[in-house]
There are 2 protein chains.
Amino acid sequence: MAAKYDQIASKIRAMIRDGAPGYTPGSRLEGENKLAADYKVSVPTFRRAIEMLKNEGLIDTEHGRGTFVRAPRRPVERRNDRHQWEKDRARASEAERLKTGATEKDTGLTINDLVFHAEYEEIDAGADIAGVFGVPVGTRVLHRNYQTRHHDEDTPFNVSDSYLLVETVAGNPDLLDAEQEPWPGGTQNQLWTVGIEVDRVEETFTARPPTAEETERLGIRPGVAVLALRKVLIDTSDRVVEFSDVILPGDRTKMIYTTQLTRW
Amino acid sequence: MAAKYDQIASKIRAMIRDGAPGYTPGSRLEGENKLAADYKVSVPTFRRAIEMLKNEGLIDTEHGRGTFVRAPRRPVERRNDRHQWEKDRARASEAERLKTGATEKDTGLTINDLVFHAEYEEIDAGADIAGVFGVPVGTRVLHRNYQTRHHDEDTPFNVSDSYLLVETVAGNPDLLDAEQEPWPGGTQNQLWTVGIEVDRVEETFTARPPTAEETERLGIRPGVAVLALRKVLIDTSDRVVEFSDVILPGDRTKMIYTTQLTRW
DNA sequence: GAGTGGTCTAGACCACTGT
DNA sequence: CAGTGGTCTAGACCACTCC
């Protein structure tokens with residue numbers, strides 16, 4: 001015999017899935033007092049069912065306003081063939097590079113749908129950062145923070161922190177200036193302006209519960225997982241030239257990775 | 001002012017992180033009545049703090065026994081260079097293939113540490129399966145279910161469902177027989193025995209909360225995310241020859257994907 | 001002010017585990 | 001059996017939103 005809260009959660013889940021009247025995306029549920037009475041359970045028990053559905057990302061509660069069926073969020077695909085695509089464009093003319101950016105390609109949206117934000121800062125490398133680059137702790141590093149969101153949504157679907165050795169990019173002062181963002185052609189073009197060719201991209205990631213800070217920044221519920229990804233760019237002489245940490249909302253990100261094998 | 005349950009959760013979280021006495025992996029916490037009194041809160045409030053920590057995978061409760069600090073689980077790496085490695089071995093001698101299997105390579109464990117289970121079944125393709133292969137619904141398909149676990153853990157760290165067209169493998173009757181498992185050399189060797197060369201591997205995945213069935217099979221808490229991965233093998237004439245769905249426990253899986261770029 | 005969800009309490013009863 | 005966690009209740013009080 002399943003618990004009452006579990007049964008209620010299942011019923012509501014089914015109604016949302018089937019798009020029952022009053023359970024379509026964006027619609028507001030009746031108050032918890034009313035619904036708890038309808039289901040003949042106490043309010044705390046009913047709330048427990050609601051709690052489950054919140055953690056599944058199906059509904060959202062707003063204090064003082066109500067409980068709402070969540071609109072399925074626009075999924076974002078992330079494909080690893082983007083890296084080759086970006087490399088192919090890195091040496092193209094600026095006009096060519098301006099035509100479409102990597103984000104537009106990923107999401108299928110135009111530049112007008114997107115709101116872009118970048119912050120630059122020079123810091124001393126801590127143990128983690130220094131370890132990735134293989135340099136001494138304290139080496140000067142350029143830290144860049146990026147946020148991208150849709151024009152009509154209030155939370156970013158992409159938050160990333162990128163790190164470069166200041167020494168690497170010193171040859172081109174523009175690379176130290178956040179005002180140049182969004183930079184057409186992306187990081188691989190930036191690296192090309194200082195004579196660096198990227199040989200391969202190494203991405204490592206895990207799924208984990210979001211930290212409190214991440215729930216805020218990405219507008220997700222605690223309990224919905226995030227994909228924490230670290231992307232490392234390695235140049236043709238096997239040096240780490242850039243890496244970035246990206247937090248992706250797990251429930252709206254679809255990763256697509258193709259591994260090409262050599263022929264027999 | 002943070003909520004009481006949140007403060008308590010933070011305190012316990014910190015004690016586990018610092019390995020405070022009584023908060024080391026595997027140790028049992030005092031009863032909830034005792035601890036609720038210690039923290040000067042009601043039992044339900046204290047339970048709410050426990051609930052948070054369960055969802056973070058830090059502790060586990062067992063009805064009638066107690067609340068336990070969870071041992072960090074053995075992480076499992078999954079690298080995409082495994083595919084090339086497997087391809088290189090696909091045409092090797094059986095003796096060579098027997099030396100190590102793919103799972104042993106991934107986990108760094110020997111065959112003696114692993115318990116392996118396979119079930120075969122011939123089915124008619126439904127819409128999902130037929131869609132991936134690009135064949136009519138109802139085409140005969142070989143469905144293979146695999147489970148792998150460590151000898152000293154009671155839940156598998158890998159559950160996968162693999163699908164092959166019966167027509168594809170009919171040339172080698174051994175491929176229809178579950179008794180031949182574990183098959184040294186894996187799927188790519190099996191395909192080689194019927195004249196198929198794999199050209200590339202396409203993997204798509206998302207992070208999502210586990211279904212009820214998955215929590216049971218993988219021994220994870222509801223609330224801890226899983227990585228749901230679909231791996232598609234495509235042969236040198238661009239046909240889908242096999243695909244498999246794998247559910248990986250998000251909190252113990254580390255994905256490592258390298259994308260090699262062509263040189264300028 | 002009326003209505004909403006968020007926090008917290010005190011206690012009942014049940015189901016499971018160990019001895 | 002005693003002790004544990006799991007479910008459920010009835011109700012108080014608060015914080016927030018909207019009118």
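Throughout, protein chains are lettered first and strands after them, A, B, ... in sequence-line order, and every chain is numbered starting at 1. Computed from heavy atoms alone, side chains included, the values below leave out hydrogens, waters and symmetry copies.
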May I have the distance from [X] (atom [atom1]) to [N] (atom [atom2]), rounded to whole angstrom?
X       : N      : atom1 : atom2 : value
B/Glu51 : C/dG6  : CD    : P     : 16 Å
B/Asp60 : C/dC16 : CG    : C1'   : 16 Å
A/Glu62 : D/dA15 : CD    : C1'   : 15 Å
B/Lys34 : D/dG5  : NZ    : C1'   : 17 Å
A/Leu29 : C/dG3  : CG    : P     : 18 Å
B/Ile59 : D/dG5  : CD1   : C1'   : 12 Å
B/Asn33 : D/dG6  : CG    : C1'   : 13 Å
B/Glu30 : D/dG5  : CD    : P     : 10 Å

A/His63 aromatic ring stacked with six-membered ring of D/dA15, 5.5 Å and 30° | yes

[X] vs [N]: side-chain N/O to OP1/OP2 distance below 4.0 Å:
X       : N      : value
B/Ser42 : C/dC8  : no
B/Lys4  : C/dT9  : yes
B/Lys40 : C/dT9  : no
B/Arg48 : C/dC8  : no
B/Thr67 : D/dG5  : yes
A/Arg65 : D/dC16 : no
B/Tyr5  : C/dT7  : yes
A/Arg47 : C/dG5  : no

If each of B/Ile50 and A/Val41 is mapped to the nucleotide of DNA chain D with the nearest heavy atom, which maps nearer the 5' terminus, i.e. the 5' end?
-> B/Ile50

Nearest-nucleotide check on DNA chain D, B/Gly66 vs A/Gly64; residue mapping nearer the 5' end is B/Gly66

Taking the side chain of [X] as heavy atoms from C-beta outward, which of [options] is closest to it?
X       : options             : result
A/Glu32 : C/dG6, D/dT7, D/dG5 : C/dG6
B/Thr61 : D/dG6, C/dT7, C/dG6 : D/dG6
A/Thr45 : C/dT7, D/dC8, D/dG6 : D/dC8
B/Arg28 : C/dG5, D/dT4, C/dT7 : D/dT4

Within the structure provided, determine whether [X] and [Y] are in side-chain contact (heavy-atom separation under 4.5 Å).
X        : Y        : value
A/Ile12  : A/Arg17  : no
B/Asn80  : B/Met255 : no
A/Val159 : A/Val246 : no

Pick base, sugar-phosphate or nothing for B/Val43, based on heavy-atom distances below 4.0 Å to the nucleic acid.
-> nothing

According to the interplanar angle, ranging from 0 to 90°, do the rings of A/Phe46 and A/Tyr39 count as parallel (below 30°), tilted (30 to 60°) or perpendicular (above 60°)?
-> parallel

Atom CD1 in A/Ile50, atom CD1 in A/Ile59: separation rounded to 0.5 Å?
-> 4.0 Å

CA sep, side-chain torsions, deciding dist, call: A/Ser162, A/Glu242, side chain to side chain donor-acceptor pair (under 3.5 Å) = CA-CA 7 Å; A/Ser162 159; A/Glu242 190 255 7; 2.6 Å; yes

